[in-house]
Q: 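Have a look at the structure that comes next, please.
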Amino acid sequence: MADKGPYYITTAIAYASGKPHIGNTYEIVLADAIARFKRQQGYEVFFQTGTEEHGIKIEEKAKTAGVTPKQFVDGAYNEIKRIWDLMNTSYDKFIRTTDTYHEKQVQKIFKKLFDQGDIYKGSYEGMYCTPCESFWTASQLVDGKCPDCGRPVQPASEEAYFFKMSKYAPKLIQYIEDHPEFIQPPARKHEMINNFLKPGLQDLCVSRTSFTWGIPVTFDEKHVVYVWLDALVNYITGIGYDAGGEHEELYKSHWPADLHLIGKDIVRFHTIYWPIFLMALGEPLPKQVFGHPWLLVGDGKMSKSKGNTIYADTLVDMFGIDAVRYYMIHEMPFDNDGVFTWDTMVERYNSELANTLGNLVKRTISMGNQYLGGVIEDRGVKDDMDDDLYATVLSAKAGVEEKMATLHVADAVTVIFDLFKRCNKYIDETTPWILGKEEDKKDRLSTVLYNLCDCITIGASLLFPYMPDTSKAILEQLGSKEISFDLLDKRGAFVSGTKVTEDPVTLFDRRKLEDVLKEVEKLYPAKPADAGEGDNDAALTELEHKAQIGIDDFDKLELRVGVIKACEAVEKSKKLLCSKVDVGDKTLQIVSGIRKHYSPEEMVGKRVMVIVNLAPAKLAGVESQGMLLCAENEKGDLALMTPEKDMPAGALIC
RNA sequence: CGCGGGGUAGAGCAGUCUGGAAGCUCAUCGGGCUCAUAACCCGAAGGUCACAGGUUCAAAUCCUGUCCCCGCUACCA
């Protein structure tokens, strides 16, 4: 096969905080399909994935678990790698940000950028959480509070290193506009330019002093390198970049990357910060960044028996590796989030895998054995029907290439399954079981079955990048060999006279939805029905718990019943309501992000739970002097907390 | 008037750039076939292509306005 040159593809590195769920697993499978396809086309592919192992969160999780951070990430790494391997992904390199060579390069890179003036020492203005000793930027805050402990934060400043983002912004805008294919899907590009680049980039804080589980800055040891700088450069350190210019061969041949495959949530880091870091280092920018949508877990009707966290290994146990790969690859729209449901999983499995594909292979081989003793020869008795069959089959390769060129991976798979469907139709058109009964039609019969084996060989070969095991299994049953990609648009992939297997195995056993649901029920036992609807059953959700506190911590809070006297929408906001709340001896003005759930009218008169002694803050320019407490479920629905008996405004909650 | 994406058959989606008889999968109904995994093949029913205007011989597709949904951002103390 012709060598088409290097192709470097990466996934984002997975955060080593626990077992990856199917949403995380989707990315590696998608990347694997692309990588395998590119190899098939003849590219010299290098496919990198890995784990991000630093940061305060990991430091804390390790503490909670009573192990060292390193022990903790070793465990997470093993689990992540196990899932990646389970999914049969063909990565060439698995990088860990705790790998020594990576840490060394990060330190050299930091130093280099400092020496050339792109990184400078300044002070970090941010929101500080005293108990956690952590700084947060406004965007990191969760509900305006510390994302870790949920407590209020105060403005503060500390010494930190900054990267001069603004210096490179014009060059980056130019690059993005000159390379319309750089950010995919295109919608993301507009978000980046309009939300970040056009308003002006802020310098990025690239060091922290608030935790130690990170890569130390060599010349100022109380600082560790900010996690994103550490993480992003994995794409170059993994293939042998050296900040001193002593690059390894792999780096020379494969950088810049052809594709960074990442989740849509981190597009900003990959299309703004990462390119700017590279510009500062004087290295070329990656050719394309694709922010893929998310694979979500929907709930649908059978909610009682379902959880929110589904892991790939659970699915593999039930359906097999390739069926899960198929689902992940095929059920995802190009730029909309996809949803996993058990119904859809079973439906795709039965309809496409068992019926269309599995059954096709089985019936073809069975007929070959039944009528021809298993030896399939092309005896040259042709018919117009054959040309029509081949018209579809031989154009499939071009169809797949076209779809893959724009990363429409799901559509590429559809093209292949259209091929298999056409084969099923051909069987009905040619009625081999009738030909088989008449001695003088034997030659025609043989040709018909030859054509089928030929077409299935082509289809199975095209299928390889997406469902490698299935592809191999089909070819093996046909007695066929792996076919060079260049030959997949020509007749004759299947060698005339080949003997097919005597007892074809069923590739995909049909599954009954009710049986699957029973298994699911066992795996995810439903919580005893307490509420009426039960449609947001959280039985299996792993809740994140906060550190235990003492009664004295609780005593710091002043919680009282408040009565809402007046309420109006905050004009400049979509989410905020501004309420005047009577808390007994005074009326507080409180701004809350609940506009989606409550109208100003219905708020008035409600008795609610209020934190009275929260430091005031401005939201959308409006001062807020407290906080209304709400319960929130995983879907984001909110409900105000109200006393279950009538209590007066100002009643202490304790 | 912050930026962007979307609203197409019961469900899930394609088609919109480059106007030219509304398509795919599943589900439903009818028929065919029996090699095969209750499979496979054919056909039918089912859509005012969010709404209202406009351009055009012709609009799901182009233009204008309106209504909903969803991301991102600012701001969910």
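What's counted below: heavy atoms across the whole structure, side chains too, no hydrogens, waters or symmetry copies. Protein chains get the first letters and strands the later ones, always in sequence-line order, with residue 1 at the start of each.
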Q: Under 3.5 Å, is there a donor-acceptor pair between the A:Tyr426 and A:Asp386 side chains?
A: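 Distance-only check passes for A:Tyr426 and A:Asp386.
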Q: Going by purine N1 to pyrimidine N3 plus the second Watson-Crick contact, or the G-U wobble pair, all under 3.5 Å, which nucleotide sits opposite B:C24?
A: B:G12
Q: For the C1' atoms, the ones on B:U34 and on B:G15, what distance do you get once it is rounded to whole angstrom?
A: 37 Å
Q: Classify A:Phe508 by what it touches in the nucleic acid, base, sugar-phosphate, or nothing, heavy-atom distance under 4.0 Å.
A: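 Result for A:Phe508 = base.
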Q: When the C1' atoms of B:U48 and B:U8 are compared, how many Å lie between them, rounded to an integer?
A: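 The answer is 12 Å between these two C1' atoms.
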Q: Tell me: CG of A:Asp343 to P of B:C26, nearest whole Å?
A: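 Spelled out: CG on A:Asp343 to P on B:C26 is 15 Å.
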Q: Below 4.0 angstrom from OP1 or OP2 of B:U37, is there any side-chain N or O of A:Asn350?
A: no
Q: Could A:Glu438 and A:Arg444 be called an ion pair, given the rule that one side-chain N must be under 4.0 Å from one carboxylate O?
A: no
Q: How close or far is atom P of B:C26 from atom OH of A:Tyr326, stated in whole angstroms?
A: 10 Å
Q: What is the distance from NZ of A:Lys437 to P of B:U34, rounded to the nearest Å?
A: 6 Å
Q: For nucleotides B:U61 and B:A74, find the distance between their C1' atoms and express it as a whole number of Å.
A: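 Pairwise C1' distance, B:U61 against B:A74, rounds to 35 Å.
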Q: If you check the A:Leu614 side chain, which of B:A77, B:C35, B:C26 turns out closest?
A: B:A77
Q: Between B:U25, B:U37, B:C33, which one does the side chain of A:Glu352 approach most closely?
A: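 In terms of side-chain proximity for A:Glu352, the closest of B:U25, B:U37, B:C33 is B:U25.
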Q: By the 4.0 Å heavy-atom rule, please label A:Val267 as base, sugar-phosphate, or nothing.
A: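 No contact.
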Q: Please check if the distance between the ring centroids of A:Phe290 and A:Phe182 is under 6.0 Å.
A: no
Q: Ion pair present between A:Glu377 and A:Arg379, side-chain N to carboxylate O less than 4.0 angstrom?
A: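 Salt bridge present between A:Glu377 and A:Arg379.
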Q: Please name the nucleotide paired to B:G43 by Watson-Crick or G-U wobble geometry with both distances under 3.5 Å, or report none.
A: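 WC or wobble partner is B:C29.
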Q: Heavy atoms from C-beta onward define the side chain here; which of B:G32, B:U37, B:C76 lies closest to that of A:Leu576?
A: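 For the A:Leu576 side chain, the nearest candidate turns out to be B:C76.
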Q: Is A:Leu507 touching bases, backbone alone, or none of the nucleic acid, heavy atoms closer than 4.0 Å?
A: base
Q: Expressed in angstrom and rounded to an integer, what is the separation of A:Leu559 atom CG from B:A77 atom P?
A: 15 Å
Q: What interatomic distance, in whole Å, is found between P of B:U55 and the corresponding atom of B:A60?
A: 16 Å
Q: Which residues pass the salt bridge (charged side-chain N to carboxylate O under 4.0 Å, His left out) test with A:Glu347, sequence neighbours left out?
A: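 Testing A:Glu347 for salt bridge (charged side-chain N to carboxylate O under 4.0 Å, His left out), a comparison that skips the adjacent residues, returns none.
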Q: Nearest to the side chain of A:Ser624 - B:A77, B:C35, B:U25?
A: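 Per side-chain heavy atoms of A:Ser624, the pick is B:A77.
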Q: Is B:A50 paired to anything, Watson-Crick or G-U wobble with both distances less than 3.5 Å, and if yes, which nucleotide?
A: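 Here B:A50 is engaged in a pair, and the nucleotide opposite it is B:U66.
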Q: Of all the nucleotides listed (B:U34, B:C40, B:A77), which has the minimum atom distance to the side chain of A:Trp433?
A: B:U34
Q: Output the single nucleotide from B:U37, B:C35, B:U25 whose closest atom is nearest the side chain of A:Thr506.
A: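 Nearest to the side chain of A:Thr506 among the choices is B:U37.
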Q: Without decimals, in angstroms, what is the distance between A:Met367 CE and B:U34 C1'?
A: 11 Å
Q: Between A:Asp503 (CG) and B:C35 (C1'), how many Å, whole number?
A: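 Distance check: A:Asp503 CG to B:C35 C1' gives 17 Å.
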Q: Quick check: on RNA chain B, is the nucleotide nearest A:Leu353 upstream (toward 5') of the one nearest A:Ile434, or the reverse? Name the residue that is more 5'.
A: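 Between the two, 5'-proximity favours A:Ile434.
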Q: Using the C1' atom as the reference point in each nucleotide, state the distance between B:C75 and B:C67 in Å, no decimals.
A: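 About 26 Å, rounded to a whole number of Å.
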Q: So, is A:Ser366 near the phosphate of B:C35, with a side-chain N or O under 4.0 Å from OP1 or OP2?
A: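 A:Ser366 to B:C35 OP1/OP2: no side-chain N or O under 4.0 Å.
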Q: For B:C42, does OP1 or OP2 lie under 4.0 Å from any side-chain N or O of A:Lys425?
A: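 So the side chain of A:Lys425 is within the cut-off, an N or O lying under 4.0 Å from OP1 or OP2 of B:C42.
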Q: Could you tell me how far B:C49 sits from B:C13 if I compare only their C1' atoms? Round to whole Å.
A: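 One C1' to the other, the span is 14 Å.
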Q: What distance, rounded to whole Å, do you find between the two P atoms, one in B:C42 and one in B:G23?
A: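 It comes out at 16 Å once rounded to the nearest Å.
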Q: From the options B:C35, B:U37, B:A77, select the nucleotide whose nearest atom is closest to the side chain of A:Arg510.
A: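 The closest nucleotide is B:U37.
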Q: Starting at the 5' end of RNA chain B, which residue's closest nucleotide do you reach first, A:Ile611 or A:Asp509?
A: A:Asp509
Q: Does A:Lys441 come within less than 4.0 Å of A:Asp383, counting only side-chain N to carboxylate O?
A: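 Salt bridge between A:Lys441 and A:Asp383, a charged N being under 4.0 Å from a carboxylate O: no.
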Q: Between B:A27 atom C1' and A:Arg348 atom CZ, what is the distance in whole Å?
A: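 Result: 12 Å.
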Q: What is the base-pairing partner of B:G71, counting Watson-Crick and G-U wobble geometry with both distances under 3.5 Å?
A: B:C3
Q: What's the closest nucleotide to the A:Asn424 side chain, out of B:C40, B:U73, B:C26?
A: B:C40
Q: For A:Lys264, check salt bridge (charged side-chain N to carboxylate O under 4.0 Å, His left out) against everything at least two apart and list the hits.
A: A:Asp337
Q: Ion pair present between A:Glu429 and A:Arg422, side-chain N to carboxylate O less than 4.0 angstrom?
A: yes
Q: Let me know the distance between NZ of A:Lys421 and P of B:G23, rounded to the nearest Å.
A: 17 Å
Q: Expressed in whole Å, how much space separates the C1' atoms belonging to B:A50 and B:A45?
A: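 Their C1' atoms lie roughly 24 Å apart.
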